[in-house]
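Because only heavy atoms are used, hydrogens play no part in the values below, and waters and symmetry mates are left out as well, while side chains stay in. Here the structure is a predicted model, which is why all the values come from computation and not from measurement.
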Amino acid sequence: MNETISKKTNNSKVRTCVLIAIYVALVVILGKVANFTDGNVKLTLKNLPIYIGAISLGSIPGALIGFLGELILQLIGEYGFTVTTLFWVLPQTILGAVCGLIFENNKVKISSGVKFVICIIILQLFLTLLNTLVWCIDALVFGYFNYITLFGSLITRFMLAVILGIYYCFLIPVLVDAIKKIH
C-alpha cells in the first residue's frame with residue numbers, strides 16, 4: 001500500500017517537473033519568436049505559459065516557470081548576464097507566484113467570467129509596473145536614466161497590457177481546458 005502511494009507521489013513530482021520544463025521552454029520560444037518591439041514598447045506572448053503553468057500547477061511552479069524562463073531569455077539575449085539580470089527576472093517570477101496564489105485556492109476560477117478577466121488585466125498592469133520599476137533601476141545603474149525615455153511610453157505600455165490581458169483571457173481558458181483533457 002505504502003509503495004503504491006510512494007509511486008503515485010513520485011510520478012506526480014516527475015510530471016510536475018516535466019510540465020515546468022515544457023512551460024519554461026515555451027516561455028523562451030515565445031520570448032524569442034512571438035514578440036514585437038518598437039522603441040520602448042514591447043508586445044510579447046512569453047507570459048502566456050507562465051499564466052497557464054501558475055493556474056494549472058500553483059504558485060511555486062508558476063514562480064519557477066517565470067524565473068527560469070526569463071533567466072534563460074536574459075542569458076541568451078543581447079546583454080547576457082549583468083548586474084541587473086536578476087532584477088529583470090523578478091517581474092515574471094512574481095507574476096507566476098501571484099497568479100498561482102490567486103488561482104490555487106479557488107479565489108478566482110477561469111469560469112468566473114468578469115472576475116477572471118479583471119484579475120488577468122490587473123496582473124498584466126502589475127507586470128508592466130514591475131517591468132517599469134526594473135527598467136528605472138537598470139537605467140540608474142547603467143547611467144541612461146531619462147524621464148522622457150522611461151515614462152513617455154508608459155500610457156501606451158499600460159494600454160497594451162490591458163489589450164494583451166484581454167487576449168490572454170480568450171486563450172487561457174481554451175489552453176488550460178485542452179491541457180486538462182490530455183491528462
(request) Mind checking the CD1-SG spacing from I110 to C169? Nearest 0.5 Å is all I need. (result) 10.0 Å

(request) Just do the side chain to side chain contact (heavy atoms under 4.5 Å, CB included) check on F126 and L95 with the steps written out, would you? (result) CA-CA 8 Å; F126 180 61; L95 173 67; over 6 Å; no

(message) Set out, in order, the CA-CA distance, both residues' side-chain angles and the distance that settles ring pair (Phe, Tyr, Trp, His ring centres under 6.0 Å) for Y79 and F81, then state yes or no.
(response) CA-CA 6 Å; Y79 301 111; F81 189 82; over 10 Å; no

(request) Drop me the distance from L71's CG to I76's CD1, to the nearest 0.5 angstrom. (result) 10.5 Å

(message) Is any side-chain heavy atom of V176 closer than 4.5 Å to one of Y51?
(response) no

(request) Output, in order, the C-alpha distance, side-chain angles, deciding distance and verdict of side chain to side chain contact (heavy atoms under 4.5 Å, CB included) for Y168 and I121. (result) CA-CA 9 Å; Y168 282 163; I121 290 171; over 6 Å; no

(request) Report the distance from atom CG of L171 to atom OH of Y167, rounding to the nearest 0.5 Å. (result) 4.5 Å

(message) Can you tell me how far apart CD1 (I172) and CD1 (I120) are? Round to the nearest 0.5 Å.
(response) 4.0 Å

(request) Could you grab the distance from atom CG of L123 to atom CD1 of I50, nearest 0.5 Å is fine? (result) 11.0 Å

(message) Could you check whether any side-chain heavy atom of W135 comes within less than 4.5 Å of a side-chain heavy atom of F151, counting everything from C-beta outward?
(response) no

(message) Name the residue from N131, T128, T132 that meets the side chain to side chain donor-acceptor pair (under 3.5 Å) definition with R157.
(response) T132

(message) Does F158 have more than 12 heavy atoms from other residues, nucleotides or ligands lying within 6.0 Å of its CZ?
(response) yes

(message) Any non-hydrogen side-chain atom of L68 less than 4.5 Å from a side-chain atom of V89?
(response) no

(request) Return each pair, listed once, that meets side-chain hydrogen bond (donor to acceptor under 3.5 Å, both in side chains) where at least one residue sits in residues 84-94; pairs must be two or more places apart or across chains. (result) N47-Q92, T82-T84, T82-T85, T84-D138, W88-D138

(request) Enter the distance from I102:CD1 to I122:CD1 here, rounded to the nearest 0.5 Å. (result) 8.0 Å

(message) Within the structure provided, determine whether V134 and L130 are in side-chain contact (heavy-atom separation under 4.5 Å).
(response) no

(request) Group every Ile, Leu, Val, Met, Phe, Trp and Tyr by side-chain heavy-atom contacts under 4.5 Å, then state whether F67 and V18 land in the same group. (result) yes

(message) Within the structure provided, determine whether L48 and L175 are in side-chain contact (heavy-atom separation under 4.5 Å).
(response) yes

(message) Membership question, hydrophobic clusters at under 4.5 Å side-chain separation (ILVMFWY): are V117 and V174 in the same one?
(response) no

(message) With heavy-atom distances below 4.5 Å as the criterion, would you say the side chains of L30 and P49 are in contact?
(response) yes

(message) Let's go through N35 and K42 carefully: what are the C-alpha distance in whole Å and the side-chain angles of both, what is the deciding distance for side chain to side chain contact (heavy atoms under 4.5 Å, CB included) to 0.1 Å, and is it a yes or a no?
(response) CA-CA 7 Å; N35 69 59; K42 184 175 184 178; 4.3 Å; yes

(request) Please report the closest heavy-atom contact between G96 and A54, naming both atoms and the distance. (result) O-CB, 3.4 Å

(message) Would you say that Y23 contacts L64 through its side chain, given a criterion of any heavy-atom pair below 4.5 Å between the two side chains?
(response) no

(message) Within the supplied structure, the quantity of interest is the number of heavy atoms (other residues, nucleotides, ligands) at a distance under 6.0 Å from L43 CG; does it exceed 12?
(response) yes

(request) Decide yes or no for V162 and Q124: does some side-chain heavy atom of the first lie under 4.5 Å from some side-chain heavy atom of the second? (result) no

(request) Please answer: with hydrophobic residues joined when any side-chain heavy atoms are less than 4.5 Å apart, are I137 and V83 in the same cluster? (result) yes

(message) Please give me the minimum heavy-atom distance between A97 and S59, naming the atom from each residue.
(response) O-CB, 3.3 Å

(message) Hydrophobic clustering (ILVMFWY, side-chain heavy atoms < 4.5 Å, transitive) - are V24 and I29 grouped together?
(response) no

(message) Could you see if I148 belongs to whatever hydrophobic cluster contains L154? Use Ile, Leu, Val, Met, Phe, Trp, Tyr and a side-chain cutoff under 4.5 Å.
(response) no

